[in-house]
Every structure is written in C-alpha cells, then in structure tokens.
Amino acid sequence: VITDSAKDEL
Amino acid sequence: MNIFRLAGDMTHLISVLVLLLKIYATKSCSGISLKTQELYAMVFLARYLDLFSDFISLYNTVMKLVFIGSSLAIVWCMRYHRVVRRSYDRELDTFRYWILVGACFTLALVLHEKFSFQEVFWAFSIYLEAVAILPQLVLLQRSGNVDNLTGQYVFFLGAYRAFYILNWIYRYLTEPRFTRWISCVSGLVQTALYADFFYYYFISWKNNAKLQLPA
C-alpha cells in the first residue's frame with residue numbers, strides 16, 4: 001500500500 | 001528526497017560497504033565491535049517494521065533490505081565465520097549494551113509520536129541508533145591504533161547522520177508542517193558522540209599519521 005507516511009526516511 | 005538526505009544515505013551505504021570490504025578483504029574483524037553491529041541490527045529491525053506494510057518507493061524498500069541484510073550478515077560473520085570470528089577482540093568488546101537497549105526502550109515507551117507498536121519501536125530505533133556507536137568507540141580507544149578501513153568505516157557512519165541533520169533543517173525550512181523532534185534531537189546527540197573521533201581523525205589525516213585515539 002502506497003502511503004506518504006511521515007516515516008519516509010531511512 | 002533532497003540532496004542532503006541522498007548524500008546521507010549514500011554515505012551510510014559507503015560505511016557499510018567499507019566494513020564489508022574490510023571483513024571480506026582482510027578476513028578479519030579486528031577493531032570492529034560486534035556489539036555495535038548487533039545494536040545496528042536491532043536498530044534496523046525495529047525501524048523497518050513497515051517494510052512490507054508501507055511501500056514508499058523502490059529506493060526506500062531496497063535500501064531498507066540492504067541495511068537489514070548487511071547488518072545481519074556482518075553479525076553472522078563475526079559470530080560464526082570460522083576464519084573471521086578468530087580475529088574478534090572478544091576481551092576488549094565488553095560494553096554492557098543491554099543497559100542501553102533497556103534505557104532506549106523505556107524512553108520510547110514514554111516519548112514517541114504515537115502510542116502504537118510500530119511507532120514505539122520506531123522511536124526505540126532512533127534512540128538506540130544514537131548510542132549504538134558507543135561500544136565501537138570504546139573498543140577503538142582500548143585497541144590503540146586503528147586500521148584505515150575501520151577508521152573510514154566509523155567516519156562515514158558518523159558523517160551520514162550529520163547529512164541527515166542538514167536534511168531536517170532543509171525540510172523544516174521548505175515543508176510547512178515538517179517537525180520531527182525525536183529524529184532531530186537524537187541525530188544531534190548521535191553526531192555529537194562522534195565529535196572527538198572526528199577531531200582525532202582530522203588530526204591523523206592532517207599529519208598523515210596513523211589514527212590514534214587517546215586511551
């Protein structure tokens with residue numbers, strides 16, 4: 001599922 | 001994605017590649033702290049719980065797999081590879097890191113963005129990564145002279161989070177609702193822990209001398 005979750009960083 | 005974050009991820013990747021090169025090329029892990037490697041494996045496993053549930057981008061997924069895979073491979077190598085494990089400085093790598101793990105998990109239970117399983121483990125991984133380098137820095141001080149690849153590994157590992165700090169500043173200035181205090185404060189602490197290492201690394205580079213950390 002594609003989300004723009006705030007956790008887009010590694 | 002901005003240039004600072006890309007530079008940070010690439011620097012982090014380089015640090016992993018340098019460590020793999022050192023272990024593979026020299027068939028030795030002398031000077032490397034198994035405890036720091038185990039802490040990093042915990043960091044990645046706790047942080048990337050969303051690996052299969054949230055798809056952000058191919059890049060994001062591939063990098064998560066690379067970091068989880070490499071950290072587990074290095075831990076396996078240092079524990080079980082019949083040649084590499086013989087060069088592990090077992091008697092010098094004695095940092096009792098379960099205290100760090102317990103403290104970080106307790107802090108994550110108190111301080112997190114949302115009280116959910118994934119978010120608590122995410123905060124735990126952020127706090128744990130900030131202190132994960134401590135066993136390695138202690139081992140470097142105890143083991144005296146540091147071989148070049150190990151020094152470069154620690155240098156790149158420290159530099160990557162410094163790039164991330166620039167990334168957070170950039171995002172704070174360009175994105176209206178960007179606030180990520182947990183990452184920022186932990187990232188500052190993490191980078192600060194490298195301060196003395198960076199100083200001695202710079203001195204050794206300037207004098208073209210072996211890297212020596214004072215005991």
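Letters A, B, ... mirror the listed sequences (proteins, then strands); counts begin at 1.
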Min side-chain heavy-atom separation A/Glu9-B/Arg180 under 4.5 Å
yes
How far does NZ of A/Lys7 sit from CG of B/Leu49, to the nearest 0.5 angstrom?
12.0 Å
Side chain, backbone, both or neither: which part of B/Phe44 has an atom under 4.5 Å from a heavy atom of chain A?
neither
Which pair of heavy atoms, one from A/Leu10 and one from B/Tyr164, lies closest together, and at what distance?
N-OH, 3.3 Å
Above 12 or not: heavy atoms from other molecules or residues under 6.0 Å from OH of B/Tyr59?
yes
Crowded around B/Phe198 CZ? As in, over 12 foreign heavy atoms under 6.0 Å?
yes
Which atoms of B/Asn60 come close to chain A, meaning under 4.5 Å heavy atom to heavy atom: side chain ones, backbone ones, both, or neither?
both
